[in-house]
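Numbers restart at 1 for each chain; the letters A, B, ... are given by sequence-line order, proteins then strands. Heavy atoms only: backbone and side chains are in, while hydrogens, waters and symmetry mates are out.
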4 protein chains.
Amino acid sequence: MPTPTETRKSSRKGPTRSEASKAAILDATRTEMAENGWRGFSVDAVAKRASASKQTIYKWWPSIGAMCVDACLALIPDSPDGGRDPQERITALIVPLEAAARTGAGHAVLRVALSAAADDKDAGELWRAWMNRDIRMPMRMLLAELAGKRVIRREFDLDEAIEEMLGPLWHRIMVMKAPVREGFCSAQAAGFLKVYAAS
Amino acid sequence: MPTPTETRKSSRKGPTRSEASKAAILDATRTEMAENGWRGFSVDAVAKRASASKQTIYKWWPSIGAMCVDACLALIPDSPDGGRDPQERITALIVPLEAAARTGAGHAVLRVALSAAADDKDAGELWRAWMNRDIRMPMRMLLAELAGKRVIRREFDLDEAIEEMLGPLWHRIMVMKAPVREGFCSAQAAGFLKVYAAS
Amino acid sequence: MPTPTETRKSSRKGPTRSEASKAAILDATRTEMAENGWRGFSVDAVAKRASASKQTIYKWWPSIGAMCVDACLALIPDSPDGGRDPQERITALIVPLEAAARTGAGHAVLRVALSAAADDKDAGELWRAWMNRDIRMPMRMLLAELAGKRVIRREFDLDEAIEEMLGPLWHRIMVMKAPVREGFCSAQAAGFLKVYAAS
Amino acid sequence: MPTPTETRKSSRKGPTRSEASKAAILDATRTEMAENGWRGFSVDAVAKRASASKQTIYKWWPSIGAMCVDACLALIPDSPDGGRDPQERITALIVPLEAAARTGAGHAVLRVALSAAADDKDAGELWRAWMNRDIRMPMRMLLAELAGKRVIRREFDLDEAIEEMLGPLWHRIMVMKAPVREGFCSAQAAGFLKVYAAS
DNA sequence: CATTAAACGAGACGGTACGTCTCGTCTTTGC
DNA sequence: GCAAAGACGAGACGTACCGTCTCGTTTAATG
């Protein structure tokens, strides 16, 4: 899962971006997110914890919300393969989110990142860009294929499908603050197939 | 939909001066929520806009998050009756949320209130208390009845059911920031009945 | 020597200015001036030392330079009477400055205040206003009287006279950073009478 | 008036100090001094304006104060001869300062340089070293000679004499920020001769 | 010549301070 | 007698500089 904010490559003069500093900042960001929430999140605290300068933070991220989303995305692992079974292939799409949400820190970090994405323009765009690339596009291909095989109905709305797959996760994380059980994704995929089943 | 934070009981007739102030504060709160988001929300701004003293605000609400949730809940109308059709009865449970989310201001206010509930202890408790009273309890009765009639299967998890009904709404409001179309609730209810259909 | 920045009198609502806070700030200001010079002077350090909020400082002084000049002027005692002898009356005008400059802290504080007055618009105006009220105006009366008695010549330039009386003090404080010996004012007055002697 | 900070001569390998860079830095320094004062003076701004690297600046000057004094001294022309008349010979000693102060930029640069000398150790030493070499030593010889001819009294304090000659200039530049009229030095010398006249 | 050491521009970085804004508490005044 | 107005300590905001530290390029003296 490559970090969305690219380390600008330079064949320019001068020193290049310090990767150590970047890693320390993202680490500290995650800790502060989990400890203080979105409104209590403070750039000063991140800078102090990461032994970084605020200037460095503001230099590389367009907003603190974007930094929070960035720090969160780094927690989400890559998708597994999925195999042949339709349900397993759908499950595989969202299992990385389940994995992240099932760790104690990840749960809180996801919650704060979602608030950040809702509040902050840059954070929202970053979040939706990731969603588009890692969830929406693969899902589009998968749904088209399943529709071709008449496993699901031909008429579907891609965004609504995603909404129904991921929405329950947000409810659990944001509203209930309850742990995400293993198999959450599997259940979502099963339900999905029922709702969208052909004819 | 009565405001959860009780206005201290006056057994004297007529609205007290305090009630006017309270209404002005909640109005100002909604405006500020819609304009500035959760992190940018400021008590000072609310006080100034409502011509109220900060002291008055801190006196009535345990935290600013609770005030935001309170201001949001006041936007949510009462449930309609629903009739006899199972889908309509389920729909009726969440239609007030749909109604609130379908206004421009309500969309933003719901988004901020959810962030507040995720961030702030008091706000979260207030939000979940409302959910329990206005969604979860009625839903529990409804589901029991439907299960009795074998419309849905007997084994279900109440909280997961709610999760699947409301989750898509959160996704739309928080993540996509997209408008909620009319009939959103109806579609959710239809999908729900398929997923939870008996045998 | 009343503080130039007035404590705004209010028949407004709300609390009045905290004199304790003001005194603590001016004290801390003098200490910081003596320790760090003009360029190294920091509002943060003053606030921390005085246990005051920066907001309070920025509220009551138009600029940090003005605050420095204010803190310095509070060190300068009132003029003694002077008596009848022309030299003594001239001496009496500048003896408060000598007194301030002869204390260790006062020497440094005067040095920083002069830099502040040279750098900062508000500080300069405050300084010159004090000079006008406490030095220039009394000096004008005194010189007119001495000219009337033909002790000094009739044609003189008031500002040049002040320049020659005070200039040496600035040289000693700013350039040489050397202590001001007792009797400095007396010597200046004696020299002054020679230069401006009638005929 | 040779620049005090020596361009270290090298029979070492590598390029020698770039005089173009040095001149650009001192030029930029004077502009920034005049525009921003001592507290607002910024090395970054000088570097940017001079298209120089900060490293280069820190390499050749011990402190930014020293750089400011250096930049200022470069504005002060050499002394004229002075002739035989005692007043003219004294005048000639300080006329370069008058000349510098009578230009618009020079006035401001002198003011900032004096603040720098008062604040910064290195700047103060540089300033006093220049004063010693270009004012104090020549003055010492001159006063000794005049005392020998009984033009002035035998007992005098060299530093107090300088204090009285230059002090008024500082008052005008630092306190009044008023222009220095032509003939200022001549007047000082005349006054000086009266004050120090023999018996 | 090629080598090599220094000078230099550009600029990243950890820090500190700037001047402003907000929080939550406390105090005074006026309706 | 309450509620407005607002002063206050505390601390975060996003920006600017400081002084140090690489980088890569350019410029001489040396081998």
Side-chain angles (χ1 to χ4, degrees), chain A residues 8 10-18 20-22 24-25 36 39-48 50-60 63-64, chain B residues 16-18 21 39-48 50-59 63-64, chain C residues 8 10-18 20-22 24-25 39-48 50-60 63-64, chain D residues 8 10-18 20-22 25 39-48 50-60 63-64:
Chain A
R8 178 171 47 69
S10 63
S11 44
R12 263 184 14 278
K13 276 188 203 173
T16 46
R17 177 169 187 183
S18 157
S21 179
K22 176 177 174 178
I25 288 169
N36 299 114
R39 192 171 222 268
F41 183 87
S42 133
V43 179
D44 276 10
V46 171
K48 179 165 286 186
S51 288
S53 167
K54 283 201 284 176
Q55 197 76 3
T56 305
I57 293 174
Y58 286 108
K59 177 172 187 57
W60 295 108
S63 71
I64 63 175
Chain B
T16 41
R17 177 151 157 59
S18 318
S21 173
R39 193 170 222 266
F41 182 88
S42 137
V43 178
D44 281 10
V46 170
K48 177 168 281 188
S51 289
S53 167
K54 284 199 285 175
Q55 196 75 345
T56 307
I57 293 174
Y58 286 111
K59 178 180 188 137
S63 73
I64 63 177
Chain C
R8 177 172 49 69
S10 62
S11 45
R12 261 186 10 283
K13 270 190 206 175
T16 45
R17 177 169 190 183
S18 156
S21 178
K22 176 177 175 179
I25 288 169
R39 193 171 221 267
F41 183 88
S42 134
V43 179
D44 276 10
V46 170
K48 180 166 286 186
S51 288
S53 168
K54 284 202 284 176
Q55 195 74 352
T56 305
I57 293 174
Y58 285 110
K59 176 172 187 58
W60 297 108
S63 71
I64 62 174
Chain D
R8 177 170 46 70
S10 63
S11 46
R12 269 183 1 282
K13 267 192 211 172
T16 45
R17 175 169 190 184
S18 157
S21 177
K22 174 176 176 180
I25 288 170
R39 193 170 220 265
F41 183 88
S42 136
V43 178
D44 278 12
V46 169
K48 178 167 280 187
S51 288
S53 168
K54 284 199 287 177
Q55 195 75 345
T56 307
I57 292 173
Y58 286 111
K59 178 175 185 57
W60 296 109
S63 72
I64 64 177

Exercise. To the nearest 0.5 Å, what is the distance between OG1 (C/Thr56) and CZ (C/Arg17)?
Worked result: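 So the gap between those two atoms works out to 9.0 Å.
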Exercise. From A/Trp60 CH2 over to A/Lys22 NZ, what is the distance, rounded to the nearest 0.5 angstrom?
Worked result: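 It is 9.0 Å, given to the nearest 0.5 Å.
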Value in whole Å for how far the [atom2] atom of [N] lies from [atom1] of [X]:
{"X": "D/Ile57", "N": "E/dA10", "atom1": "CD1", "atom2": "P", "value": "12 Å"}
{"X": "C/Ile25", "N": "F/dA10", "atom1": "CD1", "atom2": "P", "value": "12 Å"}
{"X": "B/Lys48", "N": "F/dA5", "atom1": "NZ", "atom2": "P", "value": "10 Å"}
{"X": "A/Lys22", "N": "E/dA12", "atom1": "NZ", "atom2": "C1'", "value": "15 Å"}

What N/O pairs connect the protein and nucleotides 24-28 of chain E at under 3.5 Å? Give each pair on its own line.
unit_1 : atom_1 : unit_2  : atom_2 : d
E/dG24 : OP2    : B/Tyr58 : OH     : 3.0
E/dG24 : N7     : B/Lys54 : NZ     : 2.9
E/dG24 : O6     : B/Lys54 : NZ     : 2.7
E/dC26 : N4     : B/Gln55 : OE1    : 2.7
E/dT28 : O2     : C/Gly14 : N      : 3.0

Problem set entry | Side-chain N,O (C/Trp60) to OP1/OP2 (F/dA7) below 4.0 Å |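 So the side-chain polar atoms of C/Trp60 never come under 4.0 Å of the phosphate oxygens OP1 or OP2 of F/dA7.
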Problem set entry | Under-4.0 Å side-chain N/O to phosphate OP1/OP2 contact, B/Thr56 with F/dC2 |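 The answer is no; no side-chain N or O of B/Thr56 sits under 4.0 Å from OP1 or OP2.
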For this session: With DNA chain E as reference, determine whether D/Ser51 or A/Ser18 sits nearer its 5' end, using the nearest nucleotide of each.
Result: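 It is D/Ser51, whose closest nucleotide lies nearer the 5' terminus.
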For this session: Return the minimal non-hydrogen interatomic distance between A/Ser21 and A/Ala52, and the atom names on each side.
Result: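 Looks like OG-CB, 4.4 Å.
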Exercise. Between A/Val46 and A/Ile25, which heavy-atom pair has the shortest distance, and what is it?
Worked result: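 Heavy atoms only, the tightest pair is CG1-O, 3.9 Å.
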Problem set entry | Partners meeting side chain to side chain donor-acceptor pair (under 3.5 Å) with A/Asn36 (sequence neighbours left out) |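 Result, side chain to side chain donor-acceptor pair (under 3.5 Å) vs A/Asn36: none returned.
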Exercise. Sequence neighbours excluded, which residues qualify as side chain to side chain donor-acceptor pair (under 3.5 Å) partners of D/Ser42?
Worked result: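 Scan of D/Ser42 (side chain to side chain donor-acceptor pair (under 3.5 Å), adjacent residues dropped) gives none.
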Exercise. Out of F/dG9, F/dC17, F/dA7, which nucleotide sits closest to the side chain of D/Ser42?
Worked result: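 Of all the options, the side chain of D/Ser42 is nearest to F/dC17.
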Exercise. Counting any heavy atom closer than 4.0 Å, what does D/Ala52 reach on the DNA or RNA strands: base, sugar-phosphate only, or nothing?
Worked result: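 Answer is sugar-phosphate: D/Ala52 comes under 4.0 Å of backbone atoms only.
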